Structure formats: C-alpha cells, structure tokens
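For reference, the structure is listed below as structure tokens.
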Amino acid sequence: MLLRNLEELNRTLSALDKGASIGLVPTMGFLHNGHLSLIERARKENDIVILSVFLNPTQFAPGEDLDSYPKDLERDVNLAKEKGVDYIFAPTPEIMYPDGFSTYVEVQGAYTEVLCGRSRPTHFKGVTTVLTKLFNLTRANRAYFGMKDAQQLSVVKKMVLDMNIPIEIVPCPIIRDEDGLALSSRNTYLNDEERKQALILNQTIREAKQLVLDGERDVNTIVTFVKEKINTMPLADIDYVEIVDFNTMRDINKVSEGSLLALAVRFGSTRLLDNTILL
Ligand code: AMP
C-alpha cells in the first residue's frame, strides 16, 4: 500500500499490532536487484516491511544530478509489492522539509571527511538528517543498507550509536550485474562504451583483493596498483581510490582485518562507486 503523507503513515502504524517488528528499507527509488535484495532480507526478518522512496534533496549539492535522477514510482510500487513489501512511504520534499525546517544531524570527523566526503562535503549531513526523520517516522526496529555505499553504512552506524537511536542497522552485500558491475540507479546514465569500460572497477578490486590474499599489505602499493589499472581505461576519471579502516573510516598504512578499499570513478558524467573489504 502506498502512503503519501505523514497522516497516512501514522494512521497505518497506529493500527499495527504493538508487538509487530518493523523493517525499513530506505531508498531513492528506481529500484534494481540491489534494492530488492535488501527488501528480501527485511521480509525474512520482520513482521512488517516498509520501503521508503524519497529522492532526498538535502544530500545533493547544487550542480549534482538531483533533477536528472531516474524516477518511476509506479514501477517501484509494483516491484515492491511483488517482493512482499507491506507499505511504501513516498513523501514529497515539502512534507519532509516544510517551510522553516531548521534541524540537521551531522556525523563529524573522519567518517564524513574521507572518500565521498572530500568531493561531496555536504552529502552525508543530508543523509543522516533524512534517515533520522525516516527512523522516527516509521518507528522501525531494523533498517537495511547495502555495502555498495560502505561509507554511508559506516556513517549511519556511527550516528545510531552516538545518538542512541533504538534501531538495528543491518548491512547487506553488494549485488552486481552478471558482468560484475555493481548495480546502481545511476548506471542508466552510462552509454555502451562507458558501461564496457566501467567493468574495470570490479575487475581491479578483485585483483587488489587477490594481492592481499597473496600477502601484500602496503596501502600505497595497492592504491597505486588500482589507480594505474583503472587509468588504462581512457574514459575513466578517478575521483578517489582509498583504503581506510571500515569501522573508523580513518586512513591506514597497512592492510589489516576490516580494511576497506573504496573508489569513486567518473565515466563521462556518471560517478560510480565500488568497494571491497580487503581482509
Ligand atoms: P539508493 O536508492 O541508491 O539510495 O540506495 C538505497 C539502498 O540500496 C542503500 O542502502 C544502498 O546501499 C543499497 N544499494 C544500492 N545499490 C546496491 C547494490 N548494488 N547492492 C546492494 N545494495 C545496494
């Protein structure tokens, strides 16, 4: 059932059995199999599953792709229903940010300063603000996030810990296309040649992981290897390739358990993310 405003959401939640567990899957819509894997996991672990579809303006900076981001709510609703979602909460920006809105939630320090935080300094503040609202609004017991956005997951876990938000954050693995490209709503922006060249991302992180399995631990060596390999693709424009500790998001010199190799690379105007836990 589609819920378009706070009154519909509140009425629905109030009518639920008080003991019912609620799983939330927050998305920006234009669903693909990555989103659907989160829904499947939520469906297994909760009595009620809520999918939110909200293209959150506060996590986009001026000049980013807020206006061109792909949308198809009708398709999303149908896919969600097929997967057994109970409620789809799809509010408007005016509902989430009414006139006079003036409160933001921000995780500070390395969590939001490295990786995507360098080129998108206001992004995570928008993410943590909207997620605080969605957690409060849906009264969810669990929320499901993809490792595809590893930094987002780390930032959200930190926010929940620091702010004592009574919700369990459930990480879910990256879902890839058959050819290895990590699924993303933004993949629809890629032309054929860009998409072909973008396969270098998954290939390279797999090779980097193999280097580590073979005993390499030096962060500079691995980062240099990854950058050189990606740069063999003429359309690739690296935003960052970094290795950090996944739990703290701090820079490291040596790979150890929980080290995250994360990258953002542009192909044409499309900025793609990929990552792996190296060890
Ligand atoms: P988005 O709609 O891009 O904001 O993504 C909503 C949720 O789906 C986030 O938790 C993402 O990490 C997750 N997600 C997006 N792409 C994938 C993927 N390829 N595999 C797993 N989860 C994903």
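Numbering of ligands and ligand atoms starts at 1, following listing order. Bear in mind that the values here come from a model prediction, so they are computed numbers and not experimental data.
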Sidechain-backbone polar pair: D245 side chain, R250 backbone, donor-acceptor under 3.5 Å: no
Side chain T112, main chain V107, donor-acceptor under 3.5 Å: yes
Parallel, tilted or perpendicular: ring planes of Y97 versus F54, cut at 30 and 60 degrees: tilted
Check each of [options] against [atom] and report the one with the nearest heavy atom.
atom	options	value
atom 3 (O) of ligand 1	F145, Y69, F30	Y69
atom 22 (N) of ligand 1	G146, G29, P26	G146
atom 5 (O) of ligand 1	R186, R176, H35	H35

Q210-D214 side chain donor-acceptor pair, cut-off 3.5 Å: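 Yes, D214 and Q210 have a side-chain donor paired with an acceptor closer than 3.5 Å.
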Distance-only polar pair, side chains of Q203 and E207, donor-acceptor under 3.5 Å: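 No, E207 and Q203 have no side-chain donor paired with an acceptor closer than 3.5 Å.
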Contact check: D149 vs ligand 1, nitrogen or oxygen atoms, below 3.5 angstrom: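 D149 vs ligand 1: N/O contact under 3.5 Å present.
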Polar proximity ligand 1 side, I174 side, N/O cut 3.5 Å exclusive: no
For residues 215-223, please give each side-chain donor-acceptor pair under 3.5 Å, one per line with the distance, not counting sequence neighbours.
from: E216; atom 1: OE2; to: D218; atom 2: N; distance (Å): 3.1
from: R217; atom 1: NH1; to: V212; atom 2: O; distance (Å): 2.8
from: D218; atom 1: OD1; to: K254; atom 2: NZ; distance (Å): 3.2
from: D218; atom 1: OD2; to: T221; atom 2: N; distance (Å): 3.1
from: D218; atom 1: OD2; to: T221; atom 2: OG1; distance (Å): 2.7

Side chain, backbone, both or neither: L153 near ligand 1, heavy atoms under 4.0 Å: neither
P173, portion touching ligand 1 at heavy-atom distance under 4.0 Å: backbone
Proximal ligand 1 atoms for L183, defined as those under 4.0 Å from one of its heavy atoms: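 Listed by number with element, the hits are 16 (N), 17 (C), 18 (C), 19 (N).
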Ligand 1 atoms in contact with L38 (distance to a heavy atom under 4.0 Å):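 In order of number, 7 (C), 8 (O), 10 (O), 13 (C), 22 (N).
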Just to confirm my output: which protein heavy-atom neighbour is closest to [atom], and how far is it?
atom	result
atom 4 (O) of ligand 1	M28 CG, 3.6 Å
atom 20 (N) of ligand 1	I175 N, 2.8 Å
atom 23 (C) of ligand 1	K148 CB, 3.8 Å
atom 15 (C) of ligand 1	H32 CE1, 3.8 Å

Note: D239-R120 ion pair, threshold 4.0 Å (strictly below): no
Heavy atoms from other residues, nucleotides or ligands near CZ of R206 exceed 12 (cutoff 6.0 Å): no
K71 NZ: over 12 foreign heavy atoms closer than 6.0 Å: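 Enclosed: over 12 neighbouring heavy atoms sit under 6.0 Å from NZ of K71.
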